[in-house]
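Just below is one structure, and these are the notes that go with it.
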There are 2 protein chains.
Amino acid sequence: MLSIGTLAKRTGTKVQTIRYYEQIGLMPEPGRSAGGQRRYGALELDRLAFIRHSRQLGFSLEAIRELQDLSDSPERSCAQVDAVAQKQLHEVEARIARLEALRVELKRMIGECRADRVANCRILEVLRDHEECLSDHDRPGS
Amino acid sequence: MLSIGTLAKRTGTKVQTIRYYEQIGLMPEPGRSAGGQRRYGALELDRLAFIRHSRQLGFSLEAIRELQDLSDSPERSCAQVDAVAQKQLHEVEARIARLEALRVELKRMIGECRADRVANCRILEVLRDHEECLSDHDRPGS
DNA sequence: GCTTGAAGCTACAGTGGCTGTAGGTCGTAT
DNA sequence: ATACGACCTACAGCCACTGTAGCTTCAAGC
Ligand SMILES: [Zn+2]
Ligand SMILES: [Zn+2]
Ligand SMILES: [Zn+2]
Ligand SMILES: [Zn+2]
């Protein structure tokens, strides 16, 4: 039986994160010691490892919930699992494309600056006026 | 003089977002109509356009605050502006590298799945065990 | 001048995925 | 028996917004 701290160390997770996963129903409520402290077994260790690895691959907690549910019906076709992964791949590719466009624009901006005074800094000029840009980049953020 | 709604339309911003920028001190407190509604001029329009364009290029609100402050000292060297942009470029490049690794791993996972049953779905196997992966990808998220 | 409906106002809660803190309790080694 | 680290709950905070409720103001049409 593992304490929450030991489980945390074994999976590279913070203690609070494990409690958070329990709170949102992603991790099951574990057994407790006589004094009320959480005690975990191998099952929970595997489950948390699955969650963490999926997070590292960029899956949302919602997607992970879906994958876990699917994983509990071993006889079903894995088409839905594959669909979740495909969707994740598309999202990653879309983000890459967007960031790649930003990269080009930033690099151009920086390359055009003659390292002079703020008054005629090319970077600020571009930031003030999107007309100076070559690509679109409608949605803010990354 | 522009109402907040007109300013929002002109800059492709939501009304609430403008009020939020004011709340956190990124946009100045504007004048008000007799009835207490916000009224904006060309200065505020420019300022908001700068914020929005910087956001589209992925700068954080904190970085934008810094860029605005620098922009107010036109005689200074633009080295600091360039440094902010460089840092942003590095962050974008780091994120691309990370996402690229995820992309490869996801694609491999999906490619190896023989579209059978959940019980032996390759995708779930990889998610259960990072040993199946080729790359590291320590930090969760994207 | 009056009505009406869109647009504005404040204040606050919620998003995702955690992270940090305060103030108390439990477990275990000595 | 005591000390101290690990645990507990509950809640606030992060980023950059977005949405809602319940009200007030503005502007166009008559
Ligand atoms: Zn410059
Ligand atoms: Zn642009
Ligand atoms: Zn499969
Ligand atoms: Zn892996």
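Everything numeric here is computed off the predicted structure, so don't read it as measured data. Computed from heavy atoms alone, side chains included, the values below leave out hydrogens, waters and symmetry copies.
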Is any side-chain nitrogen or oxygen of [X] closer than 4.0 Å to OP1 or OP2 of [N]?
{"X": "A:R19", "N": "D:dC8", "result": "yes"}
{"X": "B:R32", "N": "C:dT10", "result": "yes"}
{"X": "A:S3", "N": "D:dC7", "result": "yes"}
{"X": "B:R39", "N": "C:dC9", "result": "no"}
{"X": "B:Y21", "N": "D:dA16", "result": "no"}
{"X": "B:R38", "N": "C:dT10", "result": "yes"}
{"X": "A:S33", "N": "C:dG27", "result": "yes"}
{"X": "A:K14", "N": "C:dG17", "result": "no"}
{"X": "B:R52", "N": "D:dC17", "result": "yes"}

Taking 4.0 angstrom as the limit, do [X] and [Y] come out as a salt bridge?
{"X": "A:E105", "Y": "A:R108", "result": "yes"}
{"X": "A:E44", "Y": "A:R47", "result": "no"}
{"X": "B:E62", "Y": "B:R65", "result": "yes"}

Would you say the side-chain atoms of A:R52 and A:T17 include a donor-acceptor pair closer than 3.5 Å?
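Per modelled atom types, A:R52 and A:T17 side chains form no pair under 3.5 Å.
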A:H137 vs B:H53 aromatic rings, parallel, tilted or perpendicular, using cut-offs 30° and 60°?
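Answer is tilted, since the angle falls between 30° and 60°.
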Both B:Q16 and A:I51 contact DNA chain C. Which one's nearest nucleotide lies toward the 5' end?
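On the 5' side of the pair lies B:Q16.
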Nearest nucleotide by nearest heavy atom, which residue falls closer to the 5' end of DNA chain C, B:G36 or B:P140?
B:G36
Could you tell me how far apart [X] ([atom1]) and [N] ([atom2]) are, to the nearest whole angstrom?
{"X": "B:Y20", "N": "C:dA13", "atom1": "OH", "atom2": "P", "result": "17 Å"}
{"X": "A:I24", "N": "C:dG14", "atom1": "CD1", "atom2": "C1'", "result": "15 Å"}
{"X": "A:M1", "N": "C:dG27", "atom1": "CE", "atom2": "P", "result": "15 Å"}
{"X": "A:L2", "N": "D:dC7", "atom1": "CG", "atom2": "P", "result": "11 Å"}
{"X": "B:I4", "N": "D:dC26", "atom1": "CD1", "atom2": "P", "result": "14 Å"}
{"X": "B:R55", "N": "D:dC17", "atom1": "CZ", "atom2": "P", "result": "4 Å"}
{"X": "A:Q23", "N": "C:dG17", "atom1": "CD", "atom2": "P", "result": "14 Å"}
{"X": "A:L48", "N": "C:dC18", "atom1": "CG", "atom2": "P", "result": "11 Å"}

A:T17 side chain: which of D:dG19, C:dT19, C:dG8 is closest?
C:dT19
N/O donor to acceptor pairs below 3.5 angstrom from side-chain atoms of residues 22-35 of chain A, sequence neighbours left out:
residue	atom	partner	partner atom	Å
A:E22	OE1	A:R38	NE	2.7
A:R32	NH1	A:G36	O	2.9
A:S33	OG	A:G35	N	3.3
A:S33	OG	A:G36	N	3.3
A:S33	OG	A:Q37	N	3.0

Distance criterion of 3.5 Å, no angle test: do you see the side chain of A:Q37 paired donor-to-acceptor with the base of C:dG27?
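Looking at the base of C:dG27, it does not pair with any donor or acceptor on the side chain of A:Q37 (distance under 3.5 Å).
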Within the modelled atom types, does a donor on one side and an acceptor on the other bring the side chain of A:E62 and the base of C:dG16 under 3.5 Å apart?
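Such a pair does not exist between side chain and base.
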